[in-house]
There are 2 protein chains.
Amino acid sequence: MRASTENGDQERDRDGGGGPRAGRRGPRPAGAATISRVAEAAGVSRATVSRVMNGSPTVSPELAARVRAAAEALDYAPSPAARRLALGRTGTIALVVPDLGNPLFQGVLRGLSQAAGKAGRQLLVAESDEDPEEEVILALEARRNSDGLVLASPRAPAERLCSIGERLAPFVLVYREVPGLGAPSLSIDNAAGVRDLVAHLTGLGHRRLAYLAGPPGSAGNAERLAALRAATGGLEVTVLPCGSMFDDGHAAAPAVVERGASAVVGFNDMVASGVLTGLRELGVGVPDDVSVTGFDDIPFARYTTPPLTTVSIPKSELGRQAWERLWALMNGEGGGYNVRYQPRLLVRGSTGPAPSR
Amino acid sequence: MRASTENGDQERDRDGGGGPRAGRRGPRPAGAATISRVAEAAGVSRATVSRVMNGSPTVSPELAARVRAAAEALDYAPSPAARRLALGRTGTIALVVPDLGNPLFQGVLRGLSQAAGKAGRQLLVAESDEDPEEEVILALEARRNSDGLVLASPRAPAERLCSIGERLAPFVLVYREVPGLGAPSLSIDNAAGVRDLVAHLTGLGHRRLAYLAGPPGSAGNAERLAALRAATGGLEVTVLPCGSMFDDGHAAAPAVVERGASAVVGFNDMVASGVLTGLRELGVGVPDDVSVTGFDDIPFARYTTPPLTTVSIPKSELGRQAWERLWALMNGEGGGYNVRYQPRLLVRGSTGPAPSR
DNA sequence: ATGAAAGCGCTAACAA
DNA sequence: TTGTTAGCGCTTTCAT
């Protein structure tokens with residue numbers, strides 16, 4: 001499957017010891033200077049070059065200068081691959097998410113990328129495409145190529161995660177909490193968010209709600225739905241299967257109307273925006289005829305018509321915090337407590353008093 | 001800056017040859033099986049284990065089975081770090097973008113991630129935060145840790161890019177074309193998109209346009225603006241400094257009204273959506289009083305009120321294609337021709353006939 | 001302060 | 001078909 005070839009480098013002979021055999025194949029970037037060449041050019045040992053490159057203070061200024069000059073002249077930079085092997089450290093951390101198209105994960109990606117970047121770490125990203133087993137495989141592989149992992153795995157079964165927990169360490173879990181897993185978890189208090197939403201809605205007089213359900217199997221959806229049921233004791237709640245995308249919400253509009261709900265609670269902002277549009281197309285006024293709420297506060301939520309009432313969650317903060325935790329873990333400090341971020345209700349124009357009728 | 005420690009592993013002694021010295025420090029994942037241990041357990045040489053792990057057909061079935069059993073029992077997987085060094089190949093490709101929050105780059109990220117993932121490659125991602133020099137530094141570093149690079153670098157000066165072109169190879173450039181750079185480029189024909197937009201608008205009778213300019217220094221903005229000027233011979237075009245985010249567009253609404261433009265051409269969909277909202281807040285009807293167009297066709301553009309007229313560009317297709325090109329390049333096949341994707345005009349509700357007044 | 005040498009864990013010529 | 005051996009390019013004792 002792999003093309004091989006390449007052999008266009010002759011000039012090689014380093015390795016001071018004058019090894020018995022010489023000619024070898026060469027998967028070398030063909031031109032990259034090595035530590036040996038620099039050492040030779042500077043007239044010092046490889047150890048000294050290594051010391052200089054790593055800023056060890058135990059090198060005489062003269063030598064250091066000579067080495068630096070030689071390195072400069074040869075345009076030398078240490079091979080990351082060789083350092084990985086020698087150091088047993090990759091300088092990289094990994095992020096595994098189900099869907100890079102989802103603003104939730106984009107948020108943690110950004111936060112993590114910036115935090116890790118600032119600390120001089122590289123970031124490996126993998127997308128599981130919502131496949132539970134794929135999440136696990138990718139996590140394992142990503143972890144082997146990095147020093148630590150941030151895992152957003154809404155689908156993989158808890159037991160599965162626990163069974164590989166040790167091989168994943170150090171790692172931190174985001175948007176989910178798995179009891180018994182030995183990793184810190186950064187999650188959202190979905191129930192609290194839903195309660196705020198429901199309180200807001202009932203305060204406006206709404207008694208007939210419709211819930212636009214997220215993808216089945218999503219841990220977030222399960223939590224939000226359960227909280228909704230718990231928070232709406234005497235109320236009528238219709239659960240409409242929906243999804244997580246604009247189009248899913250859009251397609252659900254007719255069903256909402258048919259059920260005669262006065263308020264619809266979307267699984268997330270995308271389905272909420274979708275239903276907003278769908279409702280308008282159906283001639284239903286929002287919020288005059290029906291109120292709509294979202295969840296997550298994606299950047300766009302402020303710009304729907306009317307602007308979406310939703311609960312805000314700290315997406316990129318999760319990424320930044322994930323880095324902090326991971327960093328602590330990688331330094332052998334404990335992972336600290338789990339935290340659940342409390343969402344904040346954002347009342348905007350898409351909700352209003354229930355129509356009297 | 002780096003905490004060190006770790007030393008909790010004693011049991012070590014491999015290396016069949018019985019080397020003179022023995023005790024060593026050990027940055028080993030503390031527990032990971034090595035090829036030597038598997039070889040020992042299976043009673044074969046390391047070479048044989050390597051062969052089996054790499055599916056070489058030149059191993060007798062018995063041996064292969066024994067090796068596989070031993071590997072399984074020890075829970076062995078080859079060290080990626082060691083393979084990198086031995087093979088001179090990382091199994092990873094890198095993507096460098098200015099802003100992970102921008103749907104344009106998210107699109108190529110997704111396309112690339114999926115294509116590379118399907119091919120069993122890992123993906124390294126770095127964000128330059130719109131800093132031209134940072135783009136270059138990050139690109140260089142990312143490239144050293146990968147086998148190939150996809151670079152979205154709207155800011156870095158062409159000469160700078162050319163000067164490091166060799167060290168970046170193999171790589172492909174997206175959303176930009178740099179003559180003389182020895183890398184294939186996948187870009188968007190911004191001028192064509194703008195022409196379509198202008199034709200559409202003038203066809204509707206618009207004569208006074210306002211352009212909401214993107215960030216200064218953005219290559220995309222420069223192209224779009226130049227094309228706009230070229231395409232609007234006798235027309236009045238006001239250029240309003242704006243930016244690339246929702247809020248920038250939103251903030252520009254008053255200026256649009258003040259200039260009395262009958263149509264506003266947004267640098268991208270985000271500023272267009274922003275101005276849409278801003279205009280409505282000002283009591284200006286869209287498209288009755290003024291028409292608005294965007295650029296890019298981000299997922300949300302269909303869901304604004306009214307839905308945004310824009311030009312669609314193949315964001316994730318760019319990512320997929322980038323992988324194809326990179327793959328070809330990595331196999332020593334030429335990079336092929338540069339391609340400019342032609343955007344497609346999407347007429348939606350945000351544009352209409354110019355008011356007669 | 002500097003160098004010699006022994007690996008890190010794997011692959012691939014080469015020999016048998 | 002299998003083993004031996006020489007690296008890949010770096011870091012790090014240990015001895016000087």
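Just so it is clear: chains get the letters A, B, ... in the order the sequence lines come, proteins before strands, and each one is counted from 1. None of these values were measured; they are calculated from a predicted model.
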Closest to the B:S45 side chain: C:dT11, C:dG3, D:dT4? D:dT4

Nearest-Å distance for atom pair CG/P, residues B:N54 and C:dA12: 7 Å

A:S50, nearest nucleotide to its side chain (from D:dT1, C:dT11, D:dT11): D:dT11

Please give, in whole Å, the distance from D:dG9 P to A:R46 CZ? 11 Å

Does the side chain of B:S60 get closer than 4.0 angstrom to OP1 or OP2 of D:dT2 through an N or O atom? yes

Using a heavy-atom cut-off of 4.0 Å across all strands, would you classify B:T48 as base, sugar-phosphate, or nothing? sugar-phosphate

Do A:W323 and A:V150 come close enough that some side-chain heavy atom pair is under 4.5 Å? no

Against the side chain of A:A86, the closest entry in D:dC10, D:dG3, C:dG3 is D:dC10

Kindly point out which of C:dC10, D:dT1, C:dG9 is positioned nearest to the side chain of A:L85? C:dG9

C:dG7 P sits how many Å from A:L87 CG, rounded? 18 Å

Min side-chain heavy-atom separation B:M53-B:V38 under 4.5 Å: no

Measure CZ/A:R37 against C1'/D:dG7 and give the value in whole Å, please. 15 Å

Reckon B:V49 touches a base, only the sugar-phosphate, or nothing at all at heavy-atom distances under 4.0 Å? nothing

Side-chain contact, heavy-atom cut-off 4.5 Å: A:T58 with A:S56? yes

Check whether the side chains of B:R84 and B:T92 place a donor and an acceptor atom closer than 3.5 Å, and report yes or no. yes

B:R66 CZ to D:dT2 P: how many Å, rounded? 9 Å

Please state whether the base of C:dG3 and the side chain of A:R51 form at least one donor-acceptor pair under 3.5 Å? yes

Relative to the 5' end of DNA chain D, which residue comes earlier, B:P61 or A:S79, by the nucleotide with the nearest heavy atom? B:P61

Which pair of non-hydrogen atoms, one from A:P78 and one from A:R83, has the smallest distance, and what is that distance? CB-CD, 3.9 Å

Separation of A:E62 atom CD from C:dT2 atom C1', in whole Å? 13 Å

Is A:T58 touching bases, backbone alone, or none of the nucleic acid, heavy atoms closer than 4.0 Å? base

Could you state the atom-to-atom distance from CZ of B:R89 to P of C:dG9 in whole Å? 20 Å

Five pairs per end, C1' atoms only: what is the angle between the end axes of the helix from C:dA1-D:dT16 to C:dA16-D:dT1, to 10 degrees? 40°

Between B:R83 and C:dT11, does any side-chain N or O lie under 4.0 Å from OP1 or OP2? yes

With sequence neighbours left out, the residues meeting side-chain contact (heavy atoms from CB on, under 4.5 Å) with A:S185 are A:L173, A:E177, A:S187, A:N338

If I take atom CE in residue A:M53 and atom P in nucleotide D:dG9, what distance separates them, rounded to the nearest angstrom? 15 Å

Checking side-chain contact (heavy atoms from CB on, under 4.5 Å) for the pair B:I93/B:L123: CA distance, chi angles, key distance, verdict? CA-CA 5 Å; B:I93 63 165; B:L123 211 212; 4.2 Å; yes

Residue pair A:R46 / A:T34, side-chain donor-acceptor N/O under 3.5 Å: no

